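These numbers were taken from a predicted model, which means no experiment stands behind them. Letters A, B, ... are given to chains in the order of the sequence lines, protein chains preceding strands, and every chain is numbered from 1.
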Number of protein chains: 2
Amino acid sequence: MKINTKVELGIVALADIAIHSEEGKAVRSSDIAQRQNISHKYLEQILLILRQGKFVRSHKGIHGGYHLSRPANKILLCDILNTLDNNILANMYEKNDEQPDGIRASVNNCLWSNLNSYMRQFIEKMTLEDLIKEYKQGLAEEQNYMYYI
Amino acid sequence: MKINTKVELGIVALADIAIHSEEGKAVRSSDIAQRQNISHKYLEQILLILRQGKFVRSHKGIHGGYHLSRPANKILLCDILNTLDNNILANMYEKNDEQPDGIRASVNNCLWSNLNSYMRQFIEKMTLEDLIKEYKQGLAEEQNYMYYI
DNA sequence: CTATTCCATAGTATAATGGTAGGAATTGAA
DNA sequence: TTCAATTCCTACCATTATACTATGGAATAG
């Protein structure tokens, strides 16, 4: 499945903010852009959406930047996805101009609706914290590896 | 998730062929188009893809048309999907120009790859026959309903 | 030989995607 | 008060994908 860049980069940006937040300090968009190798101006647009979706709070000016609006374990992946792309978890085709007992409707129910529900099961469980954990664990394993050489 | 019309209509067309095949008779594209309310010429393009993917065989001429190239329970949904849209089950982003231990890679592994595998689990089990069963069952229930009134 | 059917390619209008660009607004520090 | 750093907001644009329409050719049964 093709994931568009807004969704992909938005989640990466949130993860970056979560990982690089230090007490009291906001994370600058230019730093995120540099670390994650994203166009700064494009990232700003994505952060705008994330702010409007209440995932981050922002602060202007010389020591400005972004921080999470709530703890990472309270930020659900499915909410992020819905905010960044309202199609990705939307049920495939709503347009029910055909008779509800036709083949098309049957395929819709048996295949697309069920697939959609199935995907939701996966995504509704996950939080931003789960993603970060994975990353930190990766780092830790790497350090252990270095240590034991 | 947004499903494009080629995928949607292609599956519907296959289901229609499976349902309306009678012994020895091919199903005409014009009949499918009329029953399923699809543009005939567009449907022909889709049937072309399905033929190239070896899901149907075709026969030209006055009594021509399409029939399944093998029993419906041997036609896997995932194969149809891959033929009609090579993105739908493809792993989200391959482009690994970033360092493999970065946040982006971590999100890829933990989220997109896993979600993709999860979707596959659902779709790899299903055959065209399963879809048709659902439809026929719907019909049967409807008839029972009529019967018991 | 002709009607019927599939086969194949070209064109096209619309929308989505993936950005770039420019500057206004706000803030904090000197 | 001024200035630099930062977010905020909108407009624009090039490319690609989508969802068809259109046209005509090729094969085949009768």
Main-chain N/O of [Y] paired with [X] side-chain donor or acceptor, under 3.5 Å:
| X | Y | result |
| --- | --- | --- |
| B/Asn114 | B/Cys110 | yes |
| B/Arg104 | A/Gln36 | yes |
| A/Asn116 | A/Trp112 | no |
| B/Ser69 | B/Phe55 | yes |

Report each atom pair, protein N/O against N/O of nucleotides 11-14 of chain C, whose distance is under 3.5 angstrom.
none

Nucleotides bounding contact with chain A, strand DNA chain D, heavy-atom threshold 4.0 Å:
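Taking any atom under 4.0 Å from a heavy atom of chain A, the span is D/dA5 to D/dA11.
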Show me the pairs that pass salt bridge (Lys or Arg N to Asp or Glu O under 4.0 Å) and involve residues 114-136 of chain B, at least two apart or across chains.
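Residue pairs with at least one partner in residues 114-136 of chain B: B/Arg120-B/Glu124.
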Keeping to residues at least two apart or across chains, list the salt bridge (Lys or Arg N to Asp or Glu O under 4.0 Å) pairs with something in residues 50-77 of chain B.
none
Nucleotide N/O to protein N/O under 3.5 Å, stretch nucleotides 24-30 of chain C:
{"residue": "C/dG28", "atom": "OP1", "partner": "A/His59", "partner atom": "NE2", "Å": "3.3"}

Would you please name every residue forming a salt bridge (charged side-chain N to carboxylate O under 4.0 Å, His left out) with B/Lys25, sequence neighbours left out?
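Testing B/Lys25 for salt bridge (charged side-chain N to carboxylate O under 4.0 Å, His left out), a comparison that skips the adjacent residues, returns none.
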List for me each residue that meets side-chain contact (heavy atoms from CB on, under 4.5 Å) alongside [X], sequence neighbours excluded, and say none if there are none.
| X | value |
| --- | --- |
| B/Ser30 | B/Arg28, B/His40 |
| A/Ile62 | none |
| B/Gln121 | A/Tyr118, B/Tyr118 |
| B/Asp85 | B/Asn4, B/Val7, B/Asn87, B/Ile88 |

Integer-rounded Å distance: [N] [atom2] and [X] [atom1]:
| X | N | atom1 | atom2 | answer |
| --- | --- | --- | --- | --- |
| A/Ile46 | C/dG19 | CD1 | P | 8 Å |
| B/Lys41 | C/dA10 | NZ | C1' | 13 Å |
| B/Leu47 | C/dC7 | CG | P | 8 Å |
| A/Ile49 | C/dG18 | CD1 | P | 12 Å |
| B/Arg57 | C/dT5 | CZ | C1' | 19 Å |
| B/Lys25 | C/dT5 | NZ | P | 12 Å |
| A/Leu43 | C/dG18 | CG | P | 15 Å |

Quick check on the hydrophobic clustering: are B/Leu48 and B/Ile75 connected, directly or via other members, by side-chain heavy-atom contacts under 4.5 Å?
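Looking at the clustering, B/Ile75 is in a separate group from B/Leu48.
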Indicate whether OP1 or OP2 belonging to [N] is found under 4.0 Å from a side-chain N or O atom of [X].
| X | N | value |
| --- | --- | --- |
| A/Ser39 | C/dG19 | no |
| B/Ser29 | C/dC6 | yes |
| B/Arg51 | C/dC7 | yes |
| B/Ser58 | C/dT5 | no |

Is a donor-acceptor pair below 3.5 Å formed from side chain B/Glu44 to base C/dC7, judging by atom type as modelled?
yes
Choosing from C/dC6, C/dG18, C/dA16, which nucleotide comes nearest the side chain of B/Lys2?
C/dA16
Nearest 0.5 Å, what's the CG-OG1 distance between B/Leu50 and B/Thr83?
7.5 Å
By ring pair (Phe, Tyr, Trp, His ring centres under 6.0 Å), which residues pair with B/Tyr42, not counting sequence neighbours?
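With sequence neighbours excluded, B/Tyr42 shows a ring pair (Phe, Tyr, Trp, His ring centres under 6.0 Å) to no residue whatsoever.
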Hey, can you pull the residues of residues 77-89 of chain B with a non-hydrogen atom under 4.0 angstrom from DNA chain C?
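When residues 77-89 of chain B is checked for heavy atoms under 4.0 Å from DNA chain C, there are no hits whatsoever.
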